[in-house]
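The chains referred to below are lettered A, B, ... by the order of the sequence lines, with proteins before strands, and numbering in each begins at 1. None of the values given here were measured: they were computed from a predicted structure.
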Number of protein chains: 2
Amino acid sequence: MDELAQSDPSPAAETRWALARAATLCEQRGTRLTDLRKRVLEIIWSSPVPLGAYAILDVLRDDGRQGAPPTVYRALDFLLEQGLIHRLATLNVFTGCRRPDSFHGGQFLICRDCGQVDELNNPTVEALLRAEAASRRFDALSQMIEVLGRCPECRREAESHAR
Amino acid sequence: MDELAQSDPSPAAETRWALARAATLCEQRGTRLTDLRKRVLEIIWSSPVPLGAYAILDVLRDDGRQGAPPTVYRALDFLLEQGLIHRLATLNVFTGCRRPDSFHGGQFLICRDCGQVDELNNPTVEALLRAEAASRRFDALSQMIEVLGRCPECRREAESHAR
DNA sequence: TCCGTTATGTTATAAAGTAACAATTGCTAT
DNA sequence: ATAGCAATTGTTACTTTATAACATAACGGA
């Protein structure tokens, strides 16, 4: 199992899957998924929308844990390095990665209204961009694709209000 | 003329082209390219690398102009709305748009080392992403693609140092 | 020329991210 | 087991990026 199934599992099941997968991957790689890092990953997966660093920090504090910004940012850096989360630069938020086994560029649909995110996986797009880079002798290290717009629910919502 | 020629004009010529094009477009659209907005656009085009808002503000102050952050951000908002510049979210910087006539998503190669930026224009990628969005009933408003890596010069540089 | 709209000036503050150093934890080799 | 080293976390202070709110000025049509 290296990809989260598309069968729309419950959020709690997704979170369990992500944590278990992360633990396995870190063990294989000889990196340490500490309590703090695991908790940050859990917080990210437990949220229906991507969270900013300070929102994560608030949850940690609610846990009763001590913490300052560097606490969160260091955990986030680790999770990013391990490919367990993505950072959405246009919104300064973080979201769990659904295919943490293969390092890959992020492809996201981001709802401008509700903040929900859908992760795409279009290998053709990735290949085309790699080819564009190569043709310009550019050494591509990472790809980030962020499509901003409106998710189906918010779209329906907006249309019903318009009437 | 609706696209900056690929024949590698001088930076000064590029800047002149961009300012003239912007003036025409704004007139056509009935929007006002004021002195401040024009100057900010000129500052952006005159720089070999994309600039952050505060770097632009520094130049404005060197001009002898009064100014605070909102001064710059408002001008930038206008230029973004008009499609005259792009914002590179991963770096919090702004760069001139080479095809300001057609609103379009940005596709960029960004050099991690020197900060230089190359704007791509791959309609296939754009169409594929639009199709992905549509198949999920997602209403796509804008696409942002940022490929981070190393430009040919910095690549050569790095390789020569490695020896 | 008056008036409403749009743009800019100004002050203050919010939000996001990092530097630097101290304290702690965990692992390894004796 | 334990000394010593490396990795992680705690803590303080700060930098950078961005916006809110309100005052002033410029512009453009009745």
OP1 or OP2 of dG17(C) versus the side-chain N and O atoms of Tyr73(A): is any pair under 4.0 Å?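 Yes, within the criterion.
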Report yes if at least one side-chain N or O of Asn92(A) is closer than 4.0 Å to OP1 or OP2 of dG17(C); otherwise report no.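 It does, given that an N or O in the side chain of Asn92(A) lies less than 4.0 Å from OP1 or OP2 of dG17(C).
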With the sugar-phosphate defined as primed atoms, P, OP1 and OP2, and the base as all remaining atoms, what B/S/- string results for nucleotides 7-15 of chain D, 5' to 3', for protein heavy atoms under 4.0 Å? -SBBBB---
Passing option when His86(A) is tested against Phe103(A), Phe94(A), Phe108(A) for ring-ring contact (aromatic ring centres under 6.0 Å, His included):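 The passing option is Phe108(A).
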For atom [atom1] of [X] and atom [atom2] of [N], their distance in whole Å:
| X | N | atom1 | atom2 | answer |
| --- | --- | --- | --- | --- |
| Leu51(B) | dT16(D) | CG | P | 15 Å |
| Leu60(B) | dT10(C) | CG | P | 13 Å |
| Leu80(A) | dG17(C) | CG | P | 11 Å |
| Leu91(A) | dT17(D) | CG | P | 18 Å |
| Ile56(B) | dT17(D) | CD1 | C1' | 12 Å |
| Leu33(B) | dA26(D) | CG | P | 19 Å |
| Lys38(B) | dA7(C) | NZ | P | 15 Å |

For the pair [X] (side chain) and [Y] (backbone), establish whether a donor and an acceptor sit closer than 3.5 Å, ignoring hydrogens and angles.
| X | Y | answer |
| --- | --- | --- |
| Gln116(B) | Cys151(B) | no |
| Gln82(B) | Cys26(B) | no |
| Arg37(A) | Leu79(A) | no |

Residues in ring-ring contact (aromatic ring centres under 6.0 Å, His included) with Phe78(A), at least two apart?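 Residues passing ring-ring contact (aromatic ring centres under 6.0 Å, His included) with Phe78(A): none at all.
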Is Glu126(B) salt-bridged to Arg130(B), cutoff N-O under 4.0 Å?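 Result for this pair is yes, salt bridge flagged.
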Counting distance alone, no hydrogens or angles: does the base of dA15(C) have a donor or acceptor under 3.5 Å from a partner atom on the side chain of Tyr54(A)?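 When only heavy-atom distances are counted, Tyr54(A) does not reach the base of dA15(C) through any donor-acceptor pair under 3.5 Å.
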